[in-house]
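All chains are named by letter (A, B, ...) in the order of the sequence lines, taking the proteins before the strands, and each is independently numbered beginning at 1. All figures in this text were calculated on a predicted structure; none of them were measured in a lab.
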Amino acid sequence: MNRIYVDNAATTKMSRKAVKAMLPYLEERYGNPSSLHTAGQLAAEALFNARREIAERLGADVKEIYFTSGGSESDNQALISAAEAGARKGKKHIISQKTEHHAILNTLKKLEKQGFEITLLDVDGEGSITAEQVRSAIRGDTALVTTMTANNEIGTLYPIKEIAEVCRAKGVLFHTDAVQAVGHIPLDVHEIGCDMLSLSAHKFHGPKGVGALYVRNGLMPSCIIEGGAQERGRRAGTENIAGICSMAAALNEAATAIPEDTPKLTAMRDRLIAGLSEIPHSVLNGSTTNRLPGNVNMCFEGIEGESLLLLLDAKGICASSGSACTSGSLDPSHVLLAIGRPHEVAHGSLRLTLSSENTPDEVEFIIRSVKEVVEYLRNMSPIWQELQEGKRNYVIQ
Amino acid sequence: MLYSEKVMDHFTNPRNVGTMEDADGIGEVGNAKCGDIMKIFLKIKNDIIIDVKFSTFGCGSAIASSSMATEMIKGKPLSQALELTNKAVVEALDGLPAHKLHCSVLAEEAVKAAVKDYYDRNGIAYDHGKFVQTHDCGHCGED
């Protein structure tokens, strides 16, 4: 069976170039960059070059890039760094918003237990916030504002430039989790004006287990993994040279392809949205225009997302859902709840995230398949029967 | 894989799906907010379940549990249907992941609720202690 992979927000297939970029550092150039001998120095040189390439792609200085194990670690380090810097000045208030990734939300919960006060801003119906909301929430003791660049579930883009400007004017640090955005939309840390930015290689066709944190010159990230003096003493552990070189290759490739890929992805995205919107009592989650080029997220009333995913998988379609049953928790997606979807509707969500490897033919097959599966599941759903019989009111018109 | 072959078989080819116009007993359990509702319809003659149908809103294991439970009580006397346990449903499905066990509990309860409905409709006396709902979930009970 032909497999159609449309779960690129979960992870991506590594590109050929990214795989090739790793191989020399797994085979011949396996030295430790901290070693003085030639083998080590070859690795150190590769590490330097990868750091420079990544810095250039982000518009950053080479000294502003810290390698990590991925997006979650970058987010943890960014938040803990800002919290510790704030606490030293008696600032123990942090502002974020409700649709952040759990790497942010759970780190904030931990900081809350340590005595920080956390303000989570409400989002609008499309999942976004305004710079004005941030401005009103900033206090004299605010240490940090952190908002994502793009949402991983519903693809909403946040006004990070405007938020960064507000933060700069108020003298508050600003971090953005750009894990879903780097390599997908053009980003430059100076244009954004952020103090810190997180990224993860496997979201742009690089390897899993490697990421980076940008930290503006003049700020010193806290060390959350103690040990050797790697990453200028801010992150211990022998560097993942193969992963880092591969990440640099993947980022170069992805960033270069943005102008060419964006119109293709946007066209497929919009066709999916139009096709799936033909399903009665369905709704798009997020914005029609202010969203990542490859993200589609819909709710279908009267069905549950896990069964939808399993039946799509049986047709060869790999997708994702915000249903509680797919997460192992009792609650459906916090993002869908934050944009106002009731529990029973949030259980019936479907996320499709495209890459440039997907084709318009696949998009048509997905539309046909989702229509079939939704109808099949509705036919065996007691909720759907009650909705049809008028015993229950439709939430989605 | 998350599910056994048995679960996938009963999920992708569910037995006894549908509703019944002239059911003698209907049991509905679960809550839309939690993400699963199970409804079981019974046709009963001489205390024997001569036909059974179900409709379920829920995940793969909820649909598979409903399908399996209906197979296990079809053609059986009511007394036997009342002895159906969630454990027996899980065993028949060759196991369910730990966080999906509540789906089998719903199936057991849906069967019991349908039998209770039959007893209530026909004024048949029964031991109320046998029909205590054990399903415990953070949201259920709310609407």
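Taking CG from B/Asp36 and OG from A/Ser323, the interatomic distance works out to 9.5 Å, rounded to the nearest 0.5 Å. Between B/Tyr3 atom OH and A/Glu306 atom CD the span is 3.5 Å, to the nearest 0.5 Å. For the atom pair B/Cys59 SG and A/Ile303 CD1, the distance stands at 13.0 Å (nearest 0.5 Å). Here the CE atom belonging to A/Met380 is positioned 13.0 Å from the CZ atom belonging to B/Phe57, to the nearest 0.5 angstrom. The structure places OG of B/Ser55 at 10.0 Å from CD1 of A/Ile383, a figure rounded to the nearest 0.5 Å. To the nearest 0.5 angstrom, A/Leu377 atom CG is 5.5 Å from B/Ile63 atom CD1.
A/His347 places a side-chain N or O within 3.5 Å of a backbone atom of B/Lys33 that can act as its donor or acceptor partner. Side-chain atoms of A/Ser307 do not come within 3.5 Å of backbone N or O of B/Gly60 as any donor-acceptor pair.
At a 4.5 Å heavy-atom cutoff, the contact between B/Ser61 and chain A is made by backbone atoms alone. Both the backbone and the side chain of B/Ile37 come within less than 4.5 Å of a heavy atom in chain A. With a threshold of 4.5 angstrom between heavy atoms, A/Leu311 approaches chain B through its backbone and through its side chain.
Of the residues considered (B/Pro97, B/Pro14, B/Gly35), B/Gly35 shows the highest number of contacts with chain A, using heavy-atom pairs under 4.5 Å.
No more than 12 heavy atoms of other residues, nucleotides or ligands lie within 6.0 Å of CG in B/Asn46, so this atom counts as exposed by the packing criterion. In the displayed structure, A/Asn2 atom CG is contacted under 6.0 Å by at most 12 heavy atoms of other residues, nucleotides or ligands. Other residues, nucleotides and ligands contribute at most 12 non-hydrogen atoms within 6.0 Å of the CD atom of A/Glu375. In the displayed structure, A/Asn393 atom CG is contacted under 6.0 Å by at most 12 heavy atoms of other residues, nucleotides or ligands. Within 6.0 Å of the CD atom in A/Gln114, the count of heavy atoms belonging to other residues, nucleotides or ligands exceeds 12.
Across B/Phe11 and A/Tyr376, no two heavy atoms sit closer than the pair O-OH, 4.2 Å.
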